[in-house]
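When a ligand or atom number is given, it counts from 1 through the structure's own listing order. Start at 1 with the first residue, then count along the sequence. Only heavy atoms go into these numbers, but all of them, side chains included; no hydrogens, no water, no symmetry mates.
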Amino acid sequence: MDSLITHKCVPCEKGGLVATAEEIANFKRQVPDWEIVDVQGNQTLKRVFRFKNFKQALTFVNRVGELAEAEYHHPTLVLGWGRVEVLWTTQKIKGLHKNDFSMAAKTDALV
Ligand SMILES: C[C@H](O)[C@H](O)[C@H]1CNC2=NC(N)=NC(=O)C2=N1
């Protein structure tokens, strides 16, 4: 099984399967700085990154955006002065997929 950091996001089909509780537990151990929260009924990975100022936070937002485009898997990003909230979930399946954990690991690698 490829690691989260080397996993290439796969296209998710509407109605596809969310990760099992066992898979989530396994993947979550690999991204310990993230929490699993409920966003509008969907399990979502969340982490807040902090920066010295707005400009550094904006640069990070753009780097995550480039990563998302490269993988064609997209986050929700909340940009504030010195902080970026990153949320990963898979809209198509209304929950968490290996793609989300992989993108969380790749997001961590950006800082
Ligand atoms: C049309 C649909 O948005 C695309 O198939 C992709 C784009 N990026 C995506 N990103 C995320 N996080 N979830 C999706 O379901 C998703 N779908």
Undergrad: Parallel, tilted or perpendicular: which one describes the rings of W34 and F49, with boundaries at 30° and 60°?
TA: perpendicular
Undergrad: Without swapping roles, check the side chain of E71 against the backbone of C9 for a donor-acceptor pair under 3.5 Å.
TA: yes
Undergrad: Run the salt-bridge test on E13 and K92 with the 4.0 Å N-O cut-off and return the result as yes or no.
TA: no
Undergrad: Check for a donor-acceptor pair, side chain of T89 on one end and backbone N or O of G95 on the other, with a separation under 3.5 Å.
TA: yes
Undergrad: Evaluate the side-chain proximity of H7 to N99: yes if any heavy-atom separation is below 4.5 Å, no if none is.
TA: yes
Undergrad: The criterion is side-chain hydrogen bond (donor to acceptor under 3.5 Å, both in side chains); which residues satisfy it with E69, sequence neighbours excluded?
TA: H74
Undergrad: Enumerate the pairs of nitrogen or oxygen atoms, one from ligand 1 and one from the protein, separated by less than 3.5 angstrom; state names and distance to 0.1 Å.
TA:
| residue | atom | partner | partner atom | Å |
| --- | --- | --- | --- | --- |
| ligand 1 | 5 (O) | K92 | NZ | 2.5 |
| ligand 1 | 8 (N) | H74 | ND1 | 2.8 |
| ligand 1 | 10 (N) | H74 | N | 3.0 |
| ligand 1 | 12 (N) | H74 | O | 2.7 |
| ligand 1 | 12 (N) | T89 | O | 2.7 |
| ligand 1 | 12 (N) | Q91 | OE1 | 3.1 |
| ligand 1 | 13 (N) | Q91 | N | 3.2 |
| ligand 1 | 13 (N) | Q91 | OE1 | 2.7 |
| ligand 1 | 15 (O) | Q91 | N | 3.3 |
| ligand 1 | 15 (O) | K92 | N | 2.9 |

